[in-house]
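Along the sequence shown, the residues carry numbers beginning at 1. Whatever order the structure lists them in is the order used to number ligands and atoms, beginning at 1. Note that the structure is a prediction, hence the values are computed from the model and not measured.
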Amino acid sequence: MTSHFIALEDWSDAELRGLVTLAQSLKAEHFQGGNTPILAGKTLALVFEKPSLRTRVSYEIGMRQLGGNGLSLSPQEIGLGKRETVADISRVLSGYVDGIMARVFDHNTLLELAKYGSIPVINGLSDSHHPSQAIADALTLVEQLGDPAGKTLTYVGDGNNVARSLLIYAAVMGVNVRIAAPEGYHLTEDEMDLISERAERNGASFTPFIDPIEAVTGADVVYTDVWTSMGQEEETAQRLKVFPPYQLNLELMHHANPGSIIMHCLPAHRGEEITDAAADSQQSVLFPQAHNRLHAQKAVLAHLLGGVALT
Ligand code: CP
């Protein structure tokens with residue numbers, strides 16, 4: 001059976017931790033002067049239904065650094081689900097390339113690509129999950145906190161795709177995870193149960209809050225994301241009324257632990273979910289976090305396309 005990186009729920013705790021260990025080793029190798037061409041002769045198709053800076057550049061450059069190639073295909077060009085069915089596109093690409101990385105609206109599109117093709121499918125963001133961001137976040141937590149187990153991370157804002165994947169990955173790393181979101185914008189009960197299970201299995205806890213100050217008190221990491229995700233633009237006006245108390249600003253950070261760090265997956269809507277002062281503060285790790293997309297995703301590529309074992 002082909003393995004895919006579509007949702008973290010499909011991966012065991014040991015595998016997810018193994019990916020972070022592999023990412024650390026690939027990053028060290030890169031900065032020590034060379035990358036082993038694990039993916040020589042391999043090609044990854046990159047399909048984007050939504051805009052991207054980090055995902056597109058980091059997957060394309062990641063393939064190149066490992067000796068392979070990335071081939072970008074716009075949905076207009078290939079007519080994803082319009083000119084041709086997703087199933088047929090996946091069957092065809094399976095004969096040309098060695099993997100598909102796709103950013104899509106509907107998560108089911110990824111499941112269909114995986115069902116009908118015979119090559120690994122990697123989720124570069126869907127409406128419900130963002131595992132490619134979460135593995136970079138896990139690597140960043142390890143770099144910034146040392147062993148992150150026992151530390152506390154609070155996600156403040158919309159219970160979206162980034163929150164869902166981040167909280168699972170951090171829980172697997174033994175981090176106590178919290179979310180502060182307004183009523184109606186939390187994760188579902190099932191999703192919260194899943195995060196709780198992963199946290200408890202790894203000696204940690206999961207706690208949802210409505211009050212952002214309560215949620216941030218005692219946190220070592222405070223993380224936020226945009227209030228209106230791609231595809232929700234018609235909700236912008238309503239969300240701008242609801243979310244201001246959840247802004248990540250220096251006043252909110254006063255409630256976090258001394259030495260706490262600020263994370264954001266970017267792009268940021270500065271002045272909305274995060275202030276300039278917070279994003280550009282000494283506590284901010286936004287850019288090392290963004291740069292880790294490259295190193296973390298290389299672990300996914302090396303494992304799925306290059307057969308590198310996880311330890
Ligand atoms: N964080 C993230 O996925 O960035 P892009 O949308 O630029 O790819």
Output for pair (Glu29 CD, Leu22 CG), nearest 0.5 Å, gives 9.5 Å
Should Val172 and Arg17 count as side-chain neighbours, where that means a heavy-atom distance under 4.5 Å?
yes
As a test of understanding, state which of His107, Gln232, Lys50 forms a side-chain hydrogen bond (donor to acceptor under 3.5 Å, both in side chains) with Asp127.
Lys50
Heavy-atom nearest neighbour in the protein, as seen from atom 4 (O) of ligand 1, with distance rounded to 0.1 Å:
Arg54 NE, 2.8 Å
For atom 6 (O) of ligand 1, which protein heavy atom lies nearest, and how many Å away is it?
Arg103 NH1, 2.7 Å
At a 4.0 Å threshold, what atoms of ligand 1 neighbour a non-hydrogen atom of Cys265?
1 (N)
Derivation of the ring-ring contact (aromatic ring centres under 6.0 Å, His included) call for Phe243 and Tyr185
CA-CA 10 Å; Phe243 278 100; Tyr185 294 91; 4.9 Å; yes
Given Met230, Gln133, His130, identify the one with the heavy atom nearest to atom 3 (O) of ligand 1.
His130
Are side-chain N/O atoms of Tyr116 and Thr85 paired as donor and acceptor at under 3.5 Å?
no
Any nitrogen or oxygen of Leu53, main chain or side chain, under 3.5 Å from a nitrogen or oxygen of ligand 1?
yes
Any non-hydrogen atom of Leu266 lying under 4.0 Å from ligand 1?
yes
Of Asp106, Leu110, Val104, the one forming a side-chain contact (heavy atoms from CB on, under 4.5 Å) with Asn108 is Asp106
Which is it for Arg293 and ligand 1 at heavy atoms under 4.0 Å: side chain, backbone, both or neither?
side chain
